[in-house]
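Please read the structure below before turning to the comments.
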Amino acid sequence: MRSLRFNGSRIVKTGLAIFLTATICVWFNWPPVFAVITAIVTVEPTVSDSIKKGLVRFPASAIGSAFAVLFITLFGNSPITYTLAAVATILVCYRLKLHAGLLVATLTSVAMVEVIHDHFLFSFFIRLGTTTIGLVVSTAVNMLVFPPNYSTDILKSIHSISGRAGSMLEHTFRTILYEGDDNLQEDKKVVKLLTTEIRKTEKLVHYQRDEASLYPWVRNREAELQMAERQLLFLDNFEYHLNALLRVSFEEIKWTKEERDLIMQAVTALADDLRHSINFDHKKHQDQLKSITDLFWENSKRVPANDAPNTSLFPPEFAILYELITIYDLVDKFFDPNSVKAVQEAIKS
């Protein structure tokens with residue numbers, strides 16, 4: 001739903017920018033096609049990006065227009081004109097590091113060859129005018145119509161990832177402790193999906209920070225962004241250790257039923273903390289961690305002293321408990337139990 005809403009607002013803003021840009025160009029009796037091309041690519045995910053890339057696209061378009069006029073003057077409307085205009089525009093823009101404007105500049109350059117027949121210098125300045133209209137209109141639309149605001153999406157995404165991570169942790173340990181590792185292929189796929197969602201959310205945080213210089217309400221919610229970054233750091237580390245857990249061999253686990261039940265009880269409590277952080281009980285969390293740590297040290301005594309330097313001979317019980325304790329420690333250090341309250345407040349606002 002978040003992706004649909006995000007793309008929907010971009011589509012509306014792009015359509016409105018095209019309409020306004022074309023209307024202004026028609027009013028000036030200028031060909032709107034070049035302005036419309038510029039307007040389409042200037043509606044970025046953030047207003048900051050629209051402005052930054054717009055400052056690059058304007059000189060890049062000017063370069064493309066200049067080369068189009070130059071080669072039309074020399075060779076007329078011929079295949080070599082299209083080729084030289086495009087290649088020269090690409091080379092110069094690349095040399096000047098105008099990468100964000102490369103596509104628009106090249107399209108402008110080759111399109112101008114077809115529409116310019118006389119008054120070359122006058123046509124060049126008209127192209128600059130239409131490019132300016134496209135940049136200004138699309139940036140204004142991006143700023144004023146559905147201003148980019150990713151706060152709610154960020155918090156809801158973090159809460160969703162946390163819940164799915166908790167469910168996956170519980171399912172993984174239940175499979176390891178009672179069913180063996182035959183059914184873990186699906187868990188490995190879920191880990192990849194979690195990684196993808198974490199990266200998407202990190203990008204949203206980046207977008208939101210870009211808007212801080214333009215919107216005071218973004219600057220006023222700096223604490224919220226810091227909380228989101230802290231949560232994402234936790235989830236990133238959680239995903240790493242969960243992935244490491246899935247690579248452990250489980251064929252020769254020697255835990256008793258009581259030990260398995262003890263571990264499963266701790267994992268279930270941890271998964272509930274991730275799914276329902278508003279009920280997070282720090283004392284209970286510490287008690288569960290102590291029981292797992294005690295079991296870890298008890299299991300470590302089973303490793304023969306002469307095998308200790310060779311980590312490949314460590315029993316799987318040792319590696320599994322190590323990863324579980326690390327995840328518990330991550331929750332204790334990084335996980336913010338107030339995230340659910342923040343999500344609820346963001347949804348209401």
Side-chain angles (χ1 to χ4, degrees), residues 1-69 72 82 85-86 89-90 93 98-117 119-120 122-150 153 200 203-204 206-208 210-211 213-215 218:
M1 289 300 294
R2 184 195 72 213
S3 178
L4 179 62
R5 188 166 61 251
F6 171 72
N7 292 333
S9 64
R10 287 281 298 280
I11 292 171
V12 171
K13 289 194 288 188
T14 301
L16 181 59
I18 292 171
F19 175 76
L20 294 175
T21 299
T23 301
I24 294 172
C25 288
V26 169
W27 186 71
F28 280 111
N29 200 25
W30 290 349
V33 61
F34 303 102
V36 166
I37 292 173
T38 304
I40 291 172
V41 299
T42 304
V43 181
E44 297 286 344
T46 66
V47 177
S48 177
D49 277 348
S50 291
I51 296 173
K52 291 176 183 177
K53 293 183 180 180
L55 295 175
V56 174
R57 285 169 180 147
F58 180 80
S61 296
I63 291 169
S65 301
F67 278 125
V69 170
I72 289 172
Y82 288 97
T89 300
I90 293 171
C93 288
L98 302 175
H99 305 299
L102 188 58
L103 177 60
V104 176
T106 306
L107 290 174
T108 299
S109 182
V110 296
M112 281 185 66
V113 176
E114 185 65 29
V115 299
I116 294 179
H117 306 291
H119 302 99
F120 297 149
F122 183 66
S123 297
F124 169 73
F125 285 109
I126 288 179
R127 293 296 82 76
L128 295 185
T130 55
T131 298
T132 302
I133 291 172
L135 290 172
V136 172
V137 169
S138 59
T139 301
V141 168
N142 201 19
M143 179 179 291
L144 301 175
V145 180
F146 302 128
N149 180 9
Y150 304 104
D153 290 337
K200 287 180 179 179
K203 185 176 292 187
L204 292 179
H206 174 72
Y207 287 161
Q208 192 72 358
D210 278 351
E211 303 296 73
S213 60
L214 299 172
Y215 297 102
V218 176

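Basis for what follows: all heavy atoms, side chains included, without hydrogens, waters or symmetry-related copies. Worth saying up front: this structure is predicted, and the values here are computed from it rather than measured. Residue numbers count from 1 along this sequence.
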* Just wondering, do Arg10 and Val43 contact through their side chains at under 4.5 Å, heavy atoms? -> yes
Just list the side-chain donor-acceptor pairs under 3.5 Å for residues 57-68, sequence neighbours left out, or say none.
| residue | atom | partner | partner atom | Å |
| --- | --- | --- | --- | --- |
| Arg57 | NE | Ala100 | O | 3.2 |
| Arg57 | NH1 | Val41 | O | 3.0 |
| Arg57 | NH1 | Glu44 | OE2 | 3.3 |
| Arg57 | NH2 | Val41 | O | 3.3 |
| Arg57 | NH2 | Glu44 | OE2 | 2.9 |
| Ser61 | OG | Arg57 | O | 2.9 |
| Ser65 | OG | Ser61 | O | 2.9 |

In terms of heavy-atom contacts, Val56 and Gly101 come closest through CG1-N, 3.8 Å
The reported gap from OG1 in Thr14 to CZ in Phe19 (rounded to nearest 0.5 angstrom) is 15.5 Å
Report task. Look only at the side chain of Thr131 and the backbone of Arg127, and say whether a donor-acceptor pair between them is shorter than 3.5 Å. Result -> yes
In this structure, CE of Met112 is separated from CD1 of Ile72 (nearest 0.5 Å) by 6.0 Å
- Item | Any side-chain heavy-atom pair of Leu98 and Leu102 under 4.5 Å | no
Heavy atoms of Ser109 and Thr89 approach each other most closely as OG-OG1, 3.4 Å
Taken to the nearest 0.5 Å, the spacing of Thr42 OG1 from Ile37 CD1 works out to 11.0 Å
In terms of heavy-atom contacts, Ala22 and Pro32 come closest through CA-CB, 4.0 Å
One should read off an interatomic distance between Leu55 CG and Thr139 OG1, to the nearest 0.5 angstrom, of 8.5 Å
Q. Can you tell me if Thr106 uses its side chain to pair, donor with acceptor, with the backbone of Ala86 under 3.5 Å?
A. no
Hits for ring pair (Phe, Tyr, Trp, His ring centres under 6.0 Å) against His206, two or more places apart or cross-chain, chain-then-number order -> none
Residues at least two apart in sequence or cross-chain that pass ring pair (Phe, Tyr, Trp, His ring centres under 6.0 Å) with Phe28, listed by chain then number, are Trp30
Between Thr132 and Leu128, the two heavy atoms sitting closest are OG1-O, 2.8 Å
Next on the checklist: Would you say that Ile126 contacts Pro31 through its side chain, given a criterion of any heavy-atom pair below 4.5 Å between the two side chains?
Outcome noted: yes
Distance col, row Phe146:CZ vs Leu16:CG, nearest 0.5 angstrom, shows 9.5 Å
When Thr23, Thr21, Thr38 are each screened for side chain to side chain contact (heavy atoms under 4.5 Å, CB included) with Ile133, the one that passes is Thr21
